[in-house]
Asker: 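What follows is a structure written as structure tokens; I'll ask about it next.
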Amino acid sequence: MAETMKGLKRTSRCGELTVANVGQTVTVMGWVQKQRNKGGIIFVDMRDRAGLLQVIFEESDCGAESFAKAEKLRSEFVVAVVGKVEKRSGAVNENLSTGEIEVRATEVRILSEAETPPFPIEADSKTKEELRLKYRYLDLRRPDVQNNLILRSKITTTARTFMDAEGFVEIETPMLNKSTPEGARDYLVPSRVHPGTFYALPQSPQIFKQLLMCSGYDRYFQVAKCFRDEDLRADRQPEFTQLDLEMSFVDVEDVIDVTERMVKTICKDAIGLDVGLPIQRMTWAEAMNRYGSDKPDTRFGMELTDVSKVVAGCGFGVFTAALEAGGSVRGINVKGQAEMPRKKIDALIEFAKGYGAKGLAYMSIMPDGTYKSSFAKFMTEEELKALAEAMNGEVGDLLLFAADKTALVWSVLGALRIEIAKQLEMIDNDKFNFLWVTEFPLLEWDEDANRFVAMHHPFTMPMDEDLHLLDTDPGKVRAKAYDIVLNGVELGGGSVRIFQSDVQEKMFEVLGFTKEDAYERFGFLLNAFKYGVPPHAGLAIGLDRFVMLLVKADNIREVIAFPKVKDASCLMTEAPGVVDDIQLKDLQIALDLQEVNE
RNA sequence: GGCCCGGUGGCUCAGUUGGUUAGAGCGCCGCCCUGUCACGGCGGAGGUCGAGGGUUCGAGUCCCUUCCGGGUCGCCA
């Protein structure tokens with residue numbers, strides 16, 4: 001039934017034609033968006049990745065055979081049309097880029113017929129994501145997803161061009177690697193040739209790019225696919241892409257400089273956004289104290305205030321107990337929300353509990369100047385007044401407090417601050433606030449493992465002025481590590497790497513690795529360092545998140561062609577799947593599946 | 001693993017304190033229509049209410065279990 005395109009050659013995309021093409025005879029090919037049959041005249045909207053084009057069929061132009069075919073056209077048929085570009089004699093369609101013109105068909109061929117799709121192929125889809133992902137090949141026809149992927153392609157091209165001009169060499173690193181537990185779970189790939197052994201897919205090209213520095217490539221860049229077998233989120237997929245770079249003979253400033261110029265170039269190219277340089281910087285300590293987060297959203301205020309000193313010795317046991325346990329009491333001031341209904345406050349308390357808070361203390365400054373508070377009866381009028389003043393509380397404000405271990409207080413208020421800002425629509429969606437967060441702690445204490453773990457990774461260089469603390473007070477050591485944050489989302493991060501073996505050994509020691517452990521896992525890197533290693537540093541930017549934020553998508557799946565769903569499966573291919581016994585036998589793998597009950 | 005939200009014709013949704021034969025818009029199918037573009041007119045088809053069990057005279061609605069999708073905490077060096 002379907003016809004061939006023999007003898008025809010496409011002359012342009014549907015959406016690319018303009019008034020400049022009027023008078024030309026063109027051949028266009030694409031999908032039928034919509035057919036409108038008026039009887040003696042038929043309008044067909046054709047669609048390709050460039051946009052829509054109206055084709056007009058009249059029997060006097062195209063002959064009886066083509067007219068009969070035009071009558072048969074249904075949505076998503078693939079057609080080739082030969083015709084002449086004309087200025088519309090009817091009304092102009094303001095909504096279309098091709099709205100001033102149309103193609104008067106002289107011939108049509110039906111290259112492929114189509115069943116009615118399970119959901120409409122149109123922008124701003126209202127269809128359930130489940131269905132869209134099952135038929136992703138249809139969903140990918142929709143103009144908004146197409147625009148996202150086309151923009152993504154443009155961004156990687158811009159990044160490559162920029163990095164090339166800056167003297168970076170793009171080098172591919174292996175997908176099949178040795179597993180180095182520590183950090184995220186690895187995706188494992190069994191080896192057939194070496195039964196019982198496994199490759200691991202890379203969580204990042206970290207070690208390889210450091211080795212490339214040892215090998216003298218000086219400046220490395222890669223659009224790198226990475227894999228982490230962890231649970232998904234709206235901005236997290238098990239496989240994702242990083243704009244990954246590493247540089248030799250540099251320090252923090254050099255990496256920040258080249259990165260922010262790359263980011264600026266990409267933003268300008270992709271969406272015409274001017275990013276002012278230098279990008280604002282904030283130390284990790286300042287970010288935590290002001291925003292309760294190491295990736296603060298600076299598009300709105302409502303910053304945290306430490307009131308530990310103000311409430312010290314007050315009569316409210318929840319506050320004093322937290323302080324005695326070495327924690328702190330901090331609050332946020334929700335301006336003008338003194339009258340927030342009890343029900344909404346309770347919901348916020350529940351929200352805080354989700355982050356591990358035992359509760360939230362609140363205090364409203366009423367219009368008559370009195371305080372309505374969950375803890376008023378435990379405090380004197382003077383204490384309440386001092387607290388309100390410390391919070392810059394004015395009439396009409398709602399003050400919310402958390403008291404606990406400081407890390408928990410930060411996390412609770414940091415999350416609460418964002419939740420409230422969303423509820424009260426305090427966030428300007430047109431803003432793109434970039435921020436560098438610097439001077440991260442080198443280590444963090446792992447309660448479960450009862451030891452320090454690297455906050456970034458074990459090759460991160462301590463700050464020069466904190467080096468001496470590595471022996472005496474490792475928890476206080478700050479690292480030459482930096483994250484770039486956009487609108488409260490961690491866009492990327494990196495660090496200066498340790499290149500002196502004595503510092504590296506000390507680091508492993510603090511992490512509780514024996515020399516044998518260290519060599520077992522990273523021997524090739526440590527050995528490489530013996531043969532002349534340049535000081536080096538690098539960074540990686542999450543490409544998927546970057547694109548997501550630039551197109552204002554609300555999840556990362558909108559900028560990935562074939563994403564996985566929450567449980568890391570693919571609704572279209574149904575991956576992961578079971579494999580043949582023959583394949584398993586080849587790999588000498590026996591399954592030992594546990595019944596999942598309880 | 002925990003918590004929260006959702007699942008009703010192809011799509012998006014409505015469905016009251018449990019009560020006749022489960023509705024709407026869009027889409028789809030047929031006929032008509034020479035300037036439509038959210039085309040229009042006339043007619044029509046299409047539903048195991050995610051699945052299983054229970055309560056009840058009676059369940060889309062209440063209860064239990066389970067599957068699927070989303071958000072989030074844990075997790076993500």
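Lettering follows sequence order; numbering is per chain, from 1. What you see is a predicted model; the values in this text were computed from it and never measured. As a basis for the values below, the full set of heavy atoms in this structure was taken, side chains included, without hydrogen atoms, waters or symmetry mates.
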Asker: Where along residues 53-61 of chain A does a heavy atom come under 4.0 Å from RNA chain B, residue by residue in number order?
Answerer: A:Q54, A:I56, A:E58
Asker: Can you find an N or O donor on one side and an acceptor on the other, under 3.5 Å apart, linking the side chain of A:R132 with the base of B:rC11?
Answerer: no
Asker: B:rU34, B:rC11, B:rC37: which one has an atom nearest the side-chain heavy atoms of A:N93?
Answerer: B:rC37
Asker: Which side chain to side chain donor-acceptor pair (under 3.5 Å) pairs, counting each pair once, include a residue from residues 482-493 of chain A, with sequence neighbours left out?
Answerer: none
Asker: Reading nucleotides 43-50 of chain B 5' to 3', which nucleotides get B (base under 4.0 Å from a protein heavy atom), which S (sugar-phosphate only), which -?
Answerer: --------
Asker: According to side chain to side chain contact (heavy atoms under 4.5 Å, CB included), who are the partners of A:N555, at least two apart in sequence or on a separate chain?
Answerer: A:E129, A:A234, A:R557, A:E558
Asker: Identify which nucleotide among B:rG35, B:rG10, B:rC37 has an atom closest to any side-chain atom of A:E102, counting heavy atoms from C-beta outward.
Answerer: B:rG35
Asker: Going by purine N1 to pyrimidine N3 plus the second Watson-Crick contact, or the G-U wobble pair, all under 3.5 Å, which nucleotide sits opposite B:rC3?
Answerer: B:rG71
Asker: Does CZ belonging to A:R185 count more than 12 external heavy atoms closer than 6.0 Å?
Answerer: no
Asker: For A:T460, which contact category applies under a 4.0 Å heavy-atom criterion: base, sugar-phosphate, or nothing?
Answerer: nothing
Asker: Rounded to whole Å, how long is the line connecting atom CD1 of A:I101 with atom C1' of B:rG35?
Answerer: 16 Å
Asker: Can you see which heavy atom on A:A50 is nearest to which on A:E16, and at what distance?
Answerer: CB-CG, 3.9 Å
Asker: Could you tell me which non-hydrogen atom of A:T241 sits nearest to which non-hydrogen atom of A:V223, and how far apart they are?
Answerer: CG2-CG1, 3.5 Å
Asker: Could you work out the separation of B:rA45 and B:rG30 based on their P atoms and round it to a whole Å?
Answerer: 15 Å
Asker: Between the side chains of A:Q222 and A:T173, does any donor sit under 3.5 Å from an acceptor?
Answerer: yes
Asker: Using side chain to side chain contact (heavy atoms under 4.5 Å, CB included) as the criterion, list what pairs up with A:T514, not counting sequence neighbours.
Answerer: A:E516, A:D517
Asker: Would you say A:K126 reaches B:rG10's phosphate, i.e. side-chain N/O to OP1/OP2 under 4.0 Å?
Answerer: no
Asker: What pairs with A:Q210 under side chain to side chain contact (heavy atoms under 4.5 Å, CB included), at least two apart in sequence or on another chain?
Answerer: A:Q206, A:E246, A:H457, A:F459, A:R497, A:L525, A:F529, A:H536
Asker: Between atom NZ in A:K38 and atom C1' in B:rU36, what is the gap in whole Å?
Answerer: 6 Å
Asker: If you compare all heavy atoms of A:W284 against all heavy atoms of A:P441, which two are closest, and at what distance to 0.1 Å?
Answerer: CD2-CD, 3.4 Å
Asker: Indicate every side-chain donor-acceptor pair of residues 409-418 of chain A with a distance under 3.5 Å to a residue at least two apart or in another chain.
Answerer:
residue: A:W410; atom: NE1; partner: A:M288; partner atom: O; Å: 3.1
residue: A:R417; atom: NE; partner: A:G301; partner atom: O; Å: 2.8
residue: A:R417; atom: NE; partner: A:M302; partner atom: O; Å: 3.3
residue: A:R417; atom: NH1; partner: A:D297; partner atom: O; Å: 3.4
residue: A:R417; atom: NH2; partner: A:D297; partner atom: O; Å: 2.8
residue: A:R417; atom: NH2; partner: A:F300; partner atom: O; Å: 2.8
residue: A:R417; atom: NH2; partner: A:G301; partner atom: O; Å: 3.0

Asker: Taking only residues two or more places apart in sequence, or in another chain, which ones meet A:E107 in a side-chain hydrogen bond (donor to acceptor under 3.5 Å, both in side chains)?
Answerer: A:R109
Asker: What is the separation between atom CD on A:E115 and atom P on B:rC11, rounded to the nearest whole Å?
Answerer: 14 Å
Asker: If the condition is side-chain hydrogen bond (donor to acceptor under 3.5 Å, both in side chains), which residues does A:W436 pass it with, not counting sequence neighbours?
Answerer: A:E260
Asker: Using a cutoff of under 3.5 Å, can you pull out all pairs of nitrogen or oxygen atoms linking the protein to nucleotides 27-29 of chain B, with atom names and distances?
Answerer:
residue: B:rC29; atom: OP1; partner: A:R74; partner atom: NE; Å: 3.2

Asker: Sequence neighbours excluded and cut-off under 3.5 Å, please list the side-chain donor-acceptor pairs for residues 92-102 of chain A, or say none.
Answerer:
residue: A:N93; atom: OD1; partner: A:N95; partner atom: N; Å: 2.9
residue: A:T98; atom: OG1; partner: A:L52; partner atom: O; Å: 2.6
residue: A:E102; atom: OE1; partner: A:Q54; partner atom: NE2; Å: 3.0

Asker: List the protein contact pattern of nucleotides 65-77 of chain B with one symbol per nucleotide (5' to 3'): B for base contact, S for sugar-phosphate-only contact, - for none; contact means a heavy-atom distance under 4.0 Å.
Answerer: ---SSBBBBBBBB
